Amino acid sequence: MIRIEREDFVLAKGYPKCNASICLFPCVCSSFNMKAKGELREYEVIGRHLPTQKDPVPKLYKMRIFAPDNVVAKSRFWYFCNRIKKIKKSVGEIVSCRRIYDKSPLKIKNFAIWLRYDSRSGTHNMYREYRDMTVSKAVTQCYRDMGARHRARSHSIQILKVEQIPASKCRRPHVKQFHNSKIRFPLPHRVTARLHRPRFTTRRPNTFFQ
Amino acid sequence: MGVYKHFVQPGRVAFISHGKDAGKLCVIIDAIDCNRVLVDGPCSGVSRQEVNLKRIHLTKFRLKLAHTARTKIVRKQWKAADITKKWQETNWAKKLEAKKRRAKMNDFDRYKLMRAKQARNRIIRTEYNKQIKKRRT
């Protein structure tokens with residue numbers, strides 16, 4: 001979350017990592033509302049504290065939120081706002097909540113995602129890499145992946161930073177293996193998806209198609 | 001030459017088996033990851049998009065493309081290699097076409113088919129019987 005001066009748009013830096021075993025920001029998780037439904041979308045949410053006598057022109061804060069719709073995006077904005085600044089939904093206002101579309105949805109990109117999540121016995125930071133065409137798809141992939149590999153539910157995941165990185169900066173081997181201009185692999189043992197066509201048969205299915 | 005002759009690689013022509021563009025040909029431009037590829041088919045009505053490998057059947061045709069190829073280059077290579085015509089001449093395409101026509105048959109077509117089959121089998125049978133008789137004598 002970054003404070004923005006008037007109309008300067010600087011990319012949101014997010015939210016401090018948790019320090020080792022001590023969580024600086026107590027995980028009093030009251031928001032179990034976040035469900036990474038369908039494909040997530042990227043929103044740019046800008047909000048501020050309502051003007052008061054003491055502070056007639058409050059600072060604007062911007063965040064880059066990944067949510068299934070703008071309602072959840074705003075909710076998520078308040079969730080983070082609460083924890084980083086002394087602004088609640090009741091004393092603040094959202095100035096803008098825009099959907100951000102990817103600039104090159106037909107270009108394959110490598111994304112690095114820094115996140116923080118609660119496991120059953122503590123909270124941890126993670127760095128993960130994904131290969132995808134848009135940021136939202138990569139973040140959606142991340143949520144699914146975290147659910148699969150770590151049983152982490154979406155409400156316990158906080159995306160700290162998402163960045164598109166060049167191939168040279170990638171660290172994970174499962175992403176680096178696709179950085180090959182002459183990539184080539186066969187499709188061996190093609191398991192049939194049509195289990196019920198026919199449902200009963202006397203023949204074994206064919207899995208070799210060349 | 002190994003067991004596998006068709007590979008997922010830039011320039012490989014593939015057949016989309018189901019989904020919105022079912023039955024169309026496309027060209028694999030690049031692999032996104034082990035399950036998805038970026039695909040383009042400007043001459044076959046497939047827009048540049050991400051497609052799951054489960055929907056793809058690889059064909060024997062391959063264009064000379066880099067993994068960074070634009071749609072314009074794909075179109076040029078496709079036309080130069082005349083893939084549409086070559087595909088229609090393959091047995092695979094012919095069988096697909098035959099299946100489509102069979103599915104569209106009405107009762108009169110089925111009657112015509114029955115008569116045609118009878119005529120063909122009659123020719124085969126008479127010739128076969130002639131050969132048997134010749135063999136016996």
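Below, chain A is the first sequence line, B the second, and so on; all start at residue 1. Treat the numbers as computed from the prediction; the structure is a model and nothing was measured.
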Report task. Determine the minimum heavy-atom distance between B:Y4 and A:H189, stating which atoms define it. Result -> OH-N, 4.2 Å

**Report entry** Part of A:I183 within contact of chain B (heavy atom distance under 4.5 Å)
**Finding:** both

Query raised in the report: Counting heavy atoms not belonging to B:Y128, are there more than 12 under 6.0 Å from its OH?
Result: no

Query raised in the report: More than 12 non-hydrogen atoms from neighbouring residues, nucleotides or ligands closer than 6.0 Å to NZ on B:K24, yes or no?
Result: yes

Query - Distance (rounded to the nearest 0.5 Å) between B:C34 SG and A:H174 NE2 - result: 10.0 Å

Query raised in the report: How long is the gap from NZ on A:K107 to CZ on B:R48, to the nearest 0.5 Å?
Result: 11.5 Å

Report summary line: Turns out that what part of A:D132 lies under 4.5 Å from chain B's heavy atoms comes down to both

**Report entry** chain B contact via A:P188 - which portion, at a heavy-atom distance below 4.5 Å
**Finding:** both

Requested in this report: Check whether more than 12 heavy atoms from other residues, nucleotides or ligands sit under 6.0 Å from atom CZ of A:R184, and answer yes or no.
Outcome: no

Query raised in the report: Does a side-chain heavy-atom distance below 4.5 Å link A:F178 with B:I32?
Result: no

Requested in this report: Sort A:K137 into side chain, backbone, both or neither according to what part of it lies under 4.5 angstrom from a heavy atom of chain B.
Outcome: side chain

Query raised in the report: Between B:R12 and chain A, which part of the residue has a heavy atom less than 4.5 Å away: side chain, backbone, both or neither?
Result: neither

Requested in this report: Enter the distance from A:T192:OG1 to B:K54:NZ here, rounded to the nearest 0.5 Å.
Outcome: 10.5 Å

Query raised in the report: With a cut-off of 6.0 Å (strictly less than), are more than 12 heavy atoms of other residues, nucleotides or ligands near NZ of A:K88?
Result: no

Query - Euclidean distance, A:R190 CZ relative to B:I56 CD1, rounded to 0.5 Å - result: 8.0 Å

Query - Side chain, backbone, both or neither of B:A66 within contact of chain A (heavy atoms, under 4.5 Å) - result: neither

Query raised in the report: Shortest non-hydrogen contact from B:P10 to A:S181?
Result: CG-O, 4.1 Å

Query raised in the report: Tell me, side chain or backbone of A:F208 under 4.5 Å from chain B's heavy atoms, or both, or neither?
Result: side chain

**Report entry** Point-to-point distance, once rounded to the nearest 0.5 Å, from CD of B:Q9 to CZ of A:F185
**Finding:** 10.0 Å

Report summary line: Ranking B:K60, B:E50, B:H57, B:Q49 by heavy-atom pairs under 4.5 Å to chain A gives rank one to B:E50

Report task. Please tell me if the side chains of A:Q141 and B:D33 come closer than 4.5 Å, counting only heavy atoms from C-beta onward. Result -> yes

Query - Heavy-atom pairs under 4.5 Å with chain A, option from B:I28, B:D40, B:L53 with the top count - result: B:L53

**Report entry** OH/B:Y111: more than 12 non-hydrogen atoms of other groups inside 6.0 Å
**Finding:** no

Requested in this report: May I ask you to check whether over 12 heavy atoms, not counting those of A:K37, lie within 6.0 Å of atom NZ?
Outcome: no

